[in-house]
Amino acid sequence: LLLASFGLAACMEPGPIRGSIHSSSYKLRVGMTIQDVQDFMGRPPSHISVSPKNGLLTCYSYLYDEMLKAKFVHVKFEDNLVIGASDGHRKVCEL
């Protein structure tokens, strides 16, 4: 179990981009555009959430691993540039 935890931790990138090899979200980078992310993910987002307090803050949810249990990558944008991302979510992001 400890070895499995270590292996998972090794796939994680410190900082605002936290993802695993399962979704390839660890390859996303702060400052990417929405188009860059969509090109990288290979499909449009499953869901888009816009902050009711700040219209420049959005969160895009990308479905992956649908064969086992649906999981989502959450990519947060401010003014259409990536400010953070993470994976392993069971629900779409809501701002």
Side-chain angles (χ1 to χ4, degrees):
L1 185 60
L2 182 59
L3 184 57
S5 296
F6 177 76
L8 183 59
C11 297
M12 304 298 279
E13 177 180 302
I17 305 294
R18 294 181 179 88
S20 68
I21 60 172
H22 304 291
S23 68
S24 296
S25 59
Y26 72 99
K27 294 180 181 177
L28 297 173
R29 295 290 175 250
V30 171
M32 290 176 101
T33 66
I34 290 172
Q35 188 62 52
D36 292 337
V37 173
Q38 189 163 313
D39 291 347
F40 176 78
M41 297 303 282
R43 60 179 164 249
S46 305
H47 181 266
I48 299 172
S49 177
V50 179
S51 171
K53 295 180 181 180
N54 177 358
L56 296 178
L57 187 62
T58 57
C59 186
Y60 285 40
S61 299
Y62 291 89
L63 179 66
Y64 75 99
D65 205 10
E66 54 266 64
M67 296 300 273
L68 299 175
K69 289 186 178 180
K71 294 179 191 171
F72 295 91
V73 173
H74 291 178
V75 184
K76 292 183 181 177
F77 296 89
E78 186 167 9
D79 200 17
N80 298 322
L81 297 175
V82 172
I83 59 169
S86 58
D87 69 356
H89 303 280
R90 297 289 181 192
K91 296 181 180 181
V92 297
C93 55
E94 295 291 335
L95 296 175

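One is the number of the first residue; the rest follow in order along the sequence. Please read all numbers here as calculations on a predicted model, not as lab measurements.
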Nearest 0.5 angstrom please: [X] [atom1] to [Y] [atom2], how far?
X     : Y     : atom1 : atom2 : value
Phe40 : Arg29 : CZ    : CZ    : 9.0 Å
Leu63 : Ser23 : CG    : OG    : 11.0 Å
Ser20 : Tyr26 : OG    : OH    : 9.0 Å
Ser24 : Met41 : OG    : CE    : 8.0 Å
Ser25 : Asp87 : OG    : CG    : 3.5 Å

Please examine the side chains of [Y] and [X], heavy atoms only from C-beta on, and report whether any two atoms are closer than 4.5 Å.
X     : Y     : result
Leu81 : Ile34 : no
Lys69 : Arg90 : yes
Met32 : Val30 : no
Lys71 : His22 : no

Could you name each residue pair satisfying side chain to side chain donor-acceptor pair (under 3.5 Å) that touches residues 53-64, not counting sequence neighbours?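 Listed by first then second residue: nothing to list.
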Report yes or no: do Phe72 and Ile48 belong to one cluster of Ile/Leu/Val/Met/Phe/Trp/Tyr joined by side chain heavy-atom distances under 4.5 Å?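 Cluster IDs for Phe72 and Ile48 differ.
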Single-linkage hydrophobic cluster Ile83~Leu56, side-chain heavy atoms < 4.5 angstrom: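 Not linked; separate clusters.
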Kindly indicate, with the supporting measurements, whether the criterion side chain to side chain contact (heavy atoms under 4.5 Å, CB included) is fulfilled by Leu95 and Val50. CA-CA 6 Å; Leu95 296 175; Val50 179; 5.9 Å; no
Can you list, pair by pair, the side-chain donor-acceptor contacts under 3.5 Å of residues 73-80, counting residues two or more places apart and other chains?
from	atom 1	to	atom 2	distance (Å)
His74	NE2	Lys91	O	2.8
His74	NE2	Cys93	N	3.2

